[in-house]
Structure formats: structure tokens, C-alpha cells
Amino acid sequence: MKHKKLSSKEIDQLVDRIRSLYNDYMVKFIQGGAMREGFEQRYFEALKTRIDLQRFLQVELKIVQQMIAREEAELNRCEDEAYLRERDPAAGNGNAARDNGGDKAQAGDFADRVIEQMQRKAERYPPAGLDSSEVWEVDHLYGGLQKFERELWPPVDRIYRKVYPSRYDGPRLTLETKLLELAEVRMGGIPQSLHTLQLLMGRFPRNYREIEWEQKNTILKAAFFLHTLKGELEKLRQESYLSDEDRRAVREALEYVTTLIEDFRLKDLKEK
């Protein structure tokens, strides 16, 4: 039995659905944009070579659905193991565990060292005010953004005002608006972007799946902004008419943003 041929509108809707699934994949599992870029390249080639788009997109839909399903299964497995360890620290220490206990211990020690190293880097930055060790990464990442907004943005903002006298010229308005959303303290003593996470952390019993989703969403928003900001600072640094003082201010801001991206492992989380 032949499948009904999709209309042009339905083809467009299917493309949008696949893109939406890739966006969900990036947010939920903190992935870079490489997978979505791969789809966009394949889609471009499919259009260029005039292959059967309906069949191509149905295969692509299945691919991204399978990717999400695998990540979900791995996430559930990790959650189940964490739950068992919490209930019974000795769980899983039977014969199979004894056979490779040394390897597991080494892997656990390595993971612990990585987390400790990440936490030491995060603690270079002040907390944003979430007051919970369970979301320490978000707390210090946004604290790092607040430090940038207080200490490094003002001299850069003054340079933009000189270069673009009109508020609506250049990138200043867009950067400033997003920076204030991510860093300016509002009601509740935290930035606007953290309000949902703060509310979720204050509910009991907690929905840890929702908390995890919101954590990743806030990290992704910060990452996208930081990469945009870095790109604009790199362009501003190339301006030939900057004074030595202005150039130093831009260089210090760029170095800070670059280090913040590296310290929180955000190098691959770029908006496309």
C-alpha cells in the first residue's frame, strides 16, 4: 500500500518538526549544534539533488527520534542507578560487580575528580543567589554573568556609546537587553532568567525532571549569549580608532568571557 504523498505545506511542517526535535535534543541533553548542522547540510543536499523529500525527511525524523530515545534510556538508567545507590549503597556489589570492581572504582574516582575540578573552576565566580548546592553550576555561571555586567560591561558600554551615538545603532541595545535579562537582580534577589528554576527548587516534593530540564535550559541561554557577546567583542577589538584604554577594556572583557565559556564547558553550545 502506497503512502499518501505529502503536500508542500506538510513537507515544511515536517522539516519544522525535525528542527524542533533537534532543538529539544540540544537543550535536554546539553549537546552542541553539530547534529542539527548535519541535518541542515543533508537537507540542503537533498534539495539540490532533487531526491524524494518525503522519504528523506521520514528517515531523518526516525534518526532524531532514535537519538532522543537512546539519550532518554541512558538518562533513566543513570537515575535508576542513583536511586538504588541512595537506597542501598551496597546494591550492585554482587559477583559481577566484584569482577570489575577495580575498574568501576577507578572510573568513579576519575568522575569525582572531574566534578571537583569543575566545582573549583565554578567557585572562582560568585553565586547568583539560588542558595542550593544542587544547582551549583547554574548558580555560579549566572554569578559570573553578574560580575561581567557589574565590572566589565560599563567600560565596553561607554565605547559602544561613542562608536554608535544612537541607541538603536550597532549591537549595544541587543547585548544590553539580553545581559540585563540574564544578570540584573530582580524580585527574589536573582536574575529574571532564574525565576523558574528558583520556583521549581522551592516546591516540595520536587520534580527533579523539570528541575533538570530548566537547569539545562538556563545553561543553554547563557551559552548562546556568551558566544554572541564574544563574537561582538572580537569585532569591536578590531576597530582601528579605539584608544589604548578602550582597547584594553575590550581585551579584558573578551578574556573574561572566553574564560567563562571554557570554565563551564560551553564551547560547543552555540546558537545556529
Side-chain angles (χ1 to χ4, degrees), residues 2-79 137-138 141-142 145 171 173-175 177-179 181-182 191-197 200 207-232 234-235 257 260-261 264-272:
K2 288 187 177 181
H3 293 289
K4 179 185 173 184
K5 188 172 178 62
L6 297 180
S7 67
S8 296
K9 183 178 178 182
E10 288 171 325
I11 290 287
D12 291 341
Q13 290 173 340
L14 186 52
V15 172
D16 288 342
R17 184 184 175 195
I18 293 169
R19 285 172 174 156
S20 178
L21 285 170
Y22 273 110
N23 288 340
D24 291 344
Y25 175 78
M26 288 168 61
V27 171
K28 187 166 187 179
F29 306 110
I30 301 292
Q31 298 288 336
M35 293 295 186
R36 174 166 170 167
E37 286 177 33
F39 163 69
E40 295 292 353
Q41 184 61 38
R42 292 191 298 275
Y43 180 48
F44 175 77
E45 291 295 330
L47 290 172
K48 192 167 67 172
T49 55
R50 298 180 180 275
I51 67 170
D52 183 345
L53 275 184
Q54 180 169 333
R55 185 174 180 184
F56 164 78
L57 291 172
Q58 286 168 344
V59 171
E60 288 290 334
L61 177 63
K62 188 173 292 186
I63 288 171
V64 69
Q65 287 173 332
Q66 288 174 345
M67 284 167 49
I68 291 172
R70 281 198 299 269
E71 292 287 354
E72 285 278 12
E74 179 64 18
L75 185 62
N76 290 334
R77 185 185 66 78
C78 291
E79 286 178 352
E137 187 173 13
V138 174
L141 172 58
Y142 276 72
L145 283 166
L173 179 60
T174 302
L175 293 176
T177 301
K178 192 63 179 179
L179 180 59
E181 177 191 326
L182 296 173
Q192 176 184 329
S193 292
L194 296 183
H195 281 172
T196 301
L197 185 56
L200 290 171
N207 185 326
Y208 283 99
R209 194 173 284 275
E210 281 190 37
I211 289 171
E212 182 183 24
W213 172 270
E214 188 58 26
Q215 271 187 276
K216 291 174 178 178
N217 189 40
T218 53
I219 289 172
L220 204 60
K221 283 192 289 188
F224 286 173
F225 170 72
L226 286 168
H227 281 290
T228 298
L229 177 59
K230 181 183 176 187
E232 293 298 339
E234 286 171 341
K235 286 190 280 188
V257 169
L260 192 60
I261 289 170
F264 286 91
R265 310 169 330 283
L266 308 176
K267 291 171 71 175
D268 295 325
L269 297 182
K270 300 177 183 180
E271 191 169 20
K272 297 296 180 185

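Note that this is a predicted model, so its numbers are computed, not measured.
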query: For Arg17, does the CZ atom sit with more than 12 other heavy atoms under 6.0 Å from it, leaving out its own atoms?
result: no
task: Please identify each residue that fulfils salt bridge (Lys or Arg N to Asp or Glu O under 4.0 Å) with Glu232, with sequence neighbours left out.
output: Lys235
- prompt: When you look at Lys62 and Gln66, which way does the side chain to side chain contact (heavy atoms under 4.5 Å, CB included) test go after all the steps?
  reply: CA-CA 6 Å; Lys62 188 173 292 186; Gln66 288 174 345; 3.6 Å; yes
field: Set of residues satisfying side chain to side chain donor-acceptor pair (under 3.5 Å) with respect to Gln192, sequence neighbours excluded
entry: Arg186
task: Any chance you could measure Asp12, atom CG, to Leu6, atom CG, to the nearest 0.5 Å?
output: 10.5 Å
message: Working note: Glu10 + Leu14, criterion side chain to side chain contact (heavy atoms under 4.5 Å, CB included); need CA distance, chi angles, decisive distance, verdict.
response: CA-CA 6 Å; Glu10 288 171 325; Leu14 186 52; over 6 Å; no
query: If you look at every heavy atom in Tyr142 and Ser193, which pair is closest and at what distance?
result: CE2-CB, 3.9 Å
- request: Go through the structure and list residues passing side chain to side chain contact (heavy atoms under 4.5 Å, CB included) with Asp52, not counting sequence neighbours.
  value: Gln54, Arg55
- line: Across all chains, not counting sequence neighbours, the salt bridge (Lys or Arg N to Asp or Glu O under 4.0 Å) partners of Glu45 are Lys48
message: I need the Asp16 CG to Leu21 CG distance, nearest 0.5 Å.
response: 11.0 Å
message: Would you say that Tyr25 contacts Met35 through its side chain, given a criterion of any heavy-atom pair below 4.5 Å between the two side chains?
response: yes
- line: Residues at least two apart in sequence or cross-chain that pass ring pair (Phe, Tyr, Trp, His ring centres under 6.0 Å) with Tyr22, listed by chain then number, are Phe39
query: Can you tell me if His227 uses its side chain to pair, donor with acceptor, with the backbone of Ala222 under 3.5 Å?
result: no
statement: Sequence neighbours excluded, the answer for side chain to side chain contact (heavy atoms under 4.5 Å, CB included) partners of Leu53 is Ile11, Tyr43, Ala46, Leu47, Phe56
- prompt: What residues, two or more places apart in sequence or in another chain, satisfy side chain to side chain donor-acceptor pair (under 3.5 Å) together with Glu210?
  reply: Asn207
Heavy-atom pair with the smallest gap, counting every atom of Leu61 and Ile18: N-CD1, 3.9 Å
query: Heavy-atom count around Met67 CE within 6.0 Å, excluding the residue itself: above 12?
result: yes
Salt bridge (Lys or Arg N to Asp or Glu O under 4.0 Å) partners of Lys230, counting only residues at least two apart: none
- line: Between the CH2 atom in Trp213 and the CG atom in Leu197, the distance rounded to the nearest 0.5 Å is 14.0 Å
Passing option when Leu141 is tested against Leu226, Leu182, Thr218 for side chain to side chain contact (heavy atoms under 4.5 Å, CB included): Leu226
- prompt: What residues, two or more places apart in sequence or in another chain, satisfy ring pair (Phe, Tyr, Trp, His ring centres under 6.0 Å) together with Phe225?
  reply: none
query: Roughly how far, to the nearest 0.5 Å, is the CG atom of Leu200 from the CZ atom of Arg209?
result: 14.0 Å
query: Do Arg265 and Glu137 sit within salt-bridge range, that is, some charged N less than 4.0 Å from a carboxylate O?
result: yes
- prompt: Considering residues at least two apart in sequence or located in another chain, which fulfil the side chain to side chain contact (heavy atoms under 4.5 Å, CB included) criterion with Asn23?
  reply: Met26, Arg36
query: Just how far is it from atom CG of Leu260 to atom CG of Leu145, taken to the nearest 0.5 Å?
result: 6.0 Å
- line: Taken in chain and number order and not counting sequence neighbours, the residues that satisfy side chain to side chain contact (heavy atoms under 4.5 Å, CB included) with Thr49 are Ile51
Partners meeting salt bridge (Lys or Arg N to Asp or Glu O under 4.0 Å) with Lys221 (sequence neighbours left out): none
task: Could you tell me the separation between the CD atom of Glu214 and the CG atom of Leu194, rounded to the nearest 0.5 Å?
output: 8.5 Å
